[in-house]
Enquirer: 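Please read through the structure below; I'll follow up with questions.
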2 protein chains.
Amino acid sequence: MRTEIKSVRPERTLLRQTVTDRIKTYIIDNRLAPGAPLPTEAELCEALNASRSSLREAIKTLAALDIVEVRHGSGTFVGRLSLSALVESLTFRGLLSPDDDCRALLDLVEVRQLFEQGMATRIIERLDEEHLVELELAVVQLERSPSGGAAQVQADRTFHRLLMQPLGNQLVSQLTGAFWDVHAIVAPYLGMSSPEEDAEAVAAHRAMLEAARGRDVDAFTAAVAQHYAPVRRRIAATAGA
Amino acid sequence: MRTEIKSVRPERTLLRQTVTDRIKTYIIDNRLAPGAPLPTEAELCEALNASRSSLREAIKTLAALDIVEVRHGSGTFVGRLSLSALVESLTFRGLLSPDDDCRALLDLVEVRQLFEQGMATRIIERLDEEHLVELELAVVQLERSPSGGAAQVQADRTFHRLLMQPLGNQLVSQLTGAFWDVHAIVAPYLGMSSPEEDAEAVAAHRAMLEAARGRDVDAFTAAVAQHYAPVRRRIAATAGA
DNA sequence: GGACATTTGTCCGTATGTATC
DNA sequence: GGATACATACGGACAAATGTC
């Protein structure tokens with residue numbers, strides 16, 4: 001029957017959880033922006049009545065979600081709020097089932113295609129000359145870079161990012177980037193693509209750009225399908241093997 | 001000039017990180033399925049040459065991504081690989097910027113609408129009688145439940161989940177569920193919706209179902225727009241206030 | 001560049017709470 | 001209920017990284 005002082009707090013809920021919640025509400029209540037410094041571990045321990053171990057475990061949970069960012073020797077800061085956690089989740093899922101790998105990757109390709117085709121009308125509506133110039137640059141880089149090289153990969157990411165930018169929807173942009181990242185990480189585990197497939201993909205980017213330039217939604221949608229067709233073929237080929 | 005035994009390991013990378021990576025590869029290499037038990041903390045500590053603290057922090061990182069699941073007193077297991085991390089990220093983002101709250105929520109609504117409209121053709125193609133019966137059940141529950149009650153909310157989630165199910169795309173289903181969850185968590189911070197808006201939303205579900213029954217893609221797409229229109233109005237109203 | 005304080009990273013030992021048989 | 005196995009939580013100590021003077 002020892003009613004300790006502490007026995008009040010951990011009522012059926014884990015201390016770690018209450019600590020993470022209180023750190024989150026601290027950030028929200030103080031309107032802290034990404035990059036803003038948080039109190040040191042020692043200060044947080046005292047403020048939240050938790051040991052350093054518990055506090056650190058809570059912080060690691062928040063760091064995994066990019067809600068906070070920890071820098072060794074420097075301090076803890078509000079995170080960038082990226083979708084890095086989604087990328088980690090999906091890449092792990094993709095790598096986990098190698099036999100079923102095709103399924104996870106095919107699902108991903110379908111979603112990527114859904115985004116670009118579903119937004120086709122709005123993309124073409126809102127693209128202005130400036131966007132088109134940047135897209136042209138990306139396509140040229142795509143066409144001139146060595147096939148499969150880092151420069152080409154970078155240009156591909158830039159192209160798809162630029163496409164979504166005029167929508168002004170941050171979530172769409174970040175999801176697009178996240179899906180691209182997952183694809184780029186998991187894809188190498190498939191077989192190498194043939195030069196013909198690469199050329200086809202590059203041509204599809206050009207077709208998408210020209211369709212957008214001509215404000216032709218149907219042509220754009222068709223070009224998107226043309227873009228993902230070789231990707232699907234490659235995945236299917238690996239799945240069959 | 002002391003070349004310790006340990007100086008081999010922490011080469012510019014944190015021990016925690018190498019531990020998380022090795023646990024992930026352990027799961028992948030052993031083809032462990034969700035729910036499968038992992039070695040105990042003590043065993044993992046010895047196997048990975050890490051202290052309890054480092055190991056536990058690594059595990060907390062993986063738990064945040066639902067890659068592992070920890071049960072107090074029982075053990076550590078492979079996680080369900082849900083998108084809970086995405087839900088946490090997005091809800092936090094939604095709650096973080098109350099002034100800009102409208103923006104984050106509007107972006108979310110746009111994505112939800114994109115999914116259902118972009119998949120309209122395939123949804124209607126693949127819906128069979130069994131799916132339609134289940135959807136009918138959900139709509140009836142929606143129509144008969146008290147407005148805003150738990151039963152109605154549950155029926156709403158079921159309806160949108162059932163819609164995507166025939167696609168056979170797990171990623172689409174889980175993303176749809178995740179977005180719905182985020183919406184359900186953040187929405188209460190907006191003002192209460194009026195009975196008229198609720199009735200409009202319920203009617204939209206009925207319209208979606210009937211359009212699907214009639215295999216009418218255009219009517220379905222219109223009904224989806226009708227469904228999200230009152231949601232957008234409510235968000236805009238809060239943003240203006 | 002060097003000395004120093006600050007802050008996070010890692011380790012250890014111990015006690016407690018929880019689940020399972 | 002008891003026993004065992006396991007995760008949770010605490011506190012102290014030292015190492016490593018960072019920033020500053």
Side-chain angles (χ1 to χ4, degrees), chain A residues 1-23 26-27 32 35-79, chain B residues 1-23 26 32 35-64 66-79:
Chain A
M1 191 55 82
R2 300 187 40 190
T3 357
E4 298 274 350
I5 305 174
K6 287 196 160 183
S7 67
V8 192
R9 214 227 316 91
E11 284 172 9
R12 213 51 173 158
T13 97
L14 268 39
L15 175 59
R16 248 201 343 269
Q17 190 54 46
T18 76
V19 171
T20 63
D21 289 342
R22 291 191 62 180
I23 294 178
Y26 173 87
I27 295 174
L32 297 185
L38 264 53
T40 67
E41 289 183 351
E43 291 169 335
L44 283 174
C45 283
E46 181 155 9
L48 304 179
N49 281 313
S51 71
R52 207 176 150 214
S53 316
S54 301
L55 176 81
R56 284 178 58 81
E57 289 179 14
I59 287 189
K60 264 58 201 173
T61 296
L62 294 174
L65 304 173
D66 203 17
I67 289 176
V68 306
E69 178 190 344
V70 183
R71 296 180 213 151
H72 188 176
S74 177
T76 308
F77 306 83
V78 178
Chain B
M1 192 59 77
R2 299 189 39 190
T3 359
E4 298 274 351
I5 305 173
K6 285 194 158 186
S7 68
V8 192
R9 213 232 314 95
E11 285 172 9
R12 220 51 173 152
T13 93
L14 267 38
L15 175 59
R16 241 196 356 259
Q17 191 55 46
T18 78
V19 171
T20 63
D21 289 342
R22 290 191 63 180
I23 294 178
Y26 173 87
L32 298 185
L38 263 54
T40 67
E41 288 184 352
E43 290 170 335
L44 283 174
C45 284
E46 183 156 5
L48 305 179
N49 282 312
S51 71
R52 280 244 215 317
S53 315
S54 299
L55 177 81
R56 285 177 58 80
E57 289 179 12
I59 287 192
K60 264 58 198 173
T61 296
L62 294 174
D66 203 17
I67 288 177
V68 306
E69 177 190 345
V70 183
R71 296 179 213 154
H72 189 174
S74 178
T76 308
F77 306 82
V78 179

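Here is how names work: the chains are called A, B, and so on, in the same order as the sequence lines, proteins then strands, and each is numbered from 1.
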Enquirer: Is A:Tyr26 close to A:Leu32 at the side-chain level, that is, under 4.5 Å between some pair of heavy atoms?
Expert: yes
Enquirer: I need the CG-P distance between A:Leu48 and D:dC10, as an integer number of Å.
Expert: 11 Å
Enquirer: Rounding to a whole Å, what distance do you find between A:Asn49:CG and D:dC10:C1'?
Expert: 13 Å
Enquirer: Pull out every residue in residues 35-47 of chain A that has a heavy atom closer than 4.0 Å to any atom of DNA chain C, ordered by number, or say none.
Expert: A:Thr40, A:Glu41
Enquirer: Nearest-Å distance, CG (A:Leu55) to P (D:dT8)?
Expert: 16 Å
Enquirer: Identify, residue by residue, the members of residues 64-72 of chain A with a heavy atom below 4.0 Å from DNA chain D, and return them in order of residue number, or none.
Expert: A:His72
Enquirer: Minimum heavy-atom separation for A:Arg52 and A:Cys45, please, with both atom names.
Expert: CA-SG, 3.5 Å
Enquirer: To the nearest Å, how far apart are B:Arg56 CZ and D:dC6 C1'?
Expert: 10 Å
Enquirer: What distance do B:Ser54 atom OG and B:Leu48 atom CG have between them, rounded to the nearest 0.5 Å?
Expert: 10.5 Å
Enquirer: Expressed in angstrom and rounded to an integer, what is the separation of A:Leu15 atom CG from C:dT18 atom P?
Expert: 13 Å
Enquirer: Work out which heavy atom in A:Pro39 is nearest to a heavy atom in A:Leu44; give both atom names and the distance.
Expert: O-CD1, 3.7 Å
Enquirer: Less than 4.5 Å apart, side chain to side chain, heavy atoms only: is that true for B:Ile23 and B:Ile67?
Expert: no
Enquirer: Look at all strands and tell whether A:Arg16 reaches a base, only sugar-phosphate, or nothing, counting heavy atoms closer than 4.0 Å.
Expert: sugar-phosphate
Enquirer: Rounded to the nearest Å, what distance is computed from the CG atom of residue A:Leu14 to the C1' atom of nucleotide C:dT16?
Expert: 13 Å
Enquirer: Measure from CD on A:Glu57 to C1' on C:dT10 and round the result to the nearest Å.
Expert: 13 Å
Enquirer: Donor-acceptor pair, distance only, cut-off 3.5 Å: does the side chain of B:Gln17 make one with the backbone of B:Leu14?
Expert: no
Enquirer: What's the closest nucleotide to the side chain of B:Ala50 if the choices are C:dT10, D:dT8, C:dC11?
Expert: C:dC11
Enquirer: Please give me the minimum heavy-atom distance between A:Val78 and A:Leu38, naming the atom from each residue.
Expert: CG2-CD1, 3.4 Å
Enquirer: Can you tell which of C:dT8, D:dG11, C:dC11 lies closest to the side chain of B:Ser51?
Expert: C:dC11
Enquirer: Of the listed nucleotides (D:dA7, C:dC12, C:dG9), which one gets closest to any side-chain atom of B:Thr76?
Expert: D:dA7
Enquirer: Please report the end-to-end axis angle for the helix from C:dG2-D:dC21 to C:dC21-D:dG2, five pairs per end, rounded to 10 degrees.
Expert: 20°
Enquirer: Which heavy atom of A:Leu55 sits nearest to which heavy atom of A:Glu41, and what is that distance?
Expert: CD2-O, 3.3 Å
Enquirer: Could you state the interatomic distance from CD (B:Glu43) to OG1 (B:Thr76), rounded to the nearest 0.5 Å?
Expert: 10.5 Å
Enquirer: Search all heavy atoms of B:Ala50 against all heavy atoms of B:Val19 and return the closest pair with its distance.
Expert: CB-CG2, 4.0 Å
Enquirer: To check you understand the geometry: which heavy-atom pair defines the closest contact between B:Ala58 and B:Arg16, and what is its length?
Expert: CB-O, 3.9 Å
Enquirer: Look at all strands and tell whether B:Ser74 reaches a base, only sugar-phosphate, or nothing, counting heavy atoms closer than 4.0 Å.
Expert: sugar-phosphate
Enquirer: In whole angstrom, give the distance that lies between atom CZ of A:Arg52 and atom P of C:dT10.
Expert: 11 Å
Enquirer: How would you label the contact of B:Ser54 with the nucleic acid (heavy atoms, under 4.0 Å): base, sugar-phosphate, or nothing?
Expert: sugar-phosphate
Enquirer: Could you give the distance from OG1 (A:Thr20) to CG (A:Leu15), rounded to the nearest 0.5 Å?
Expert: 9.5 Å
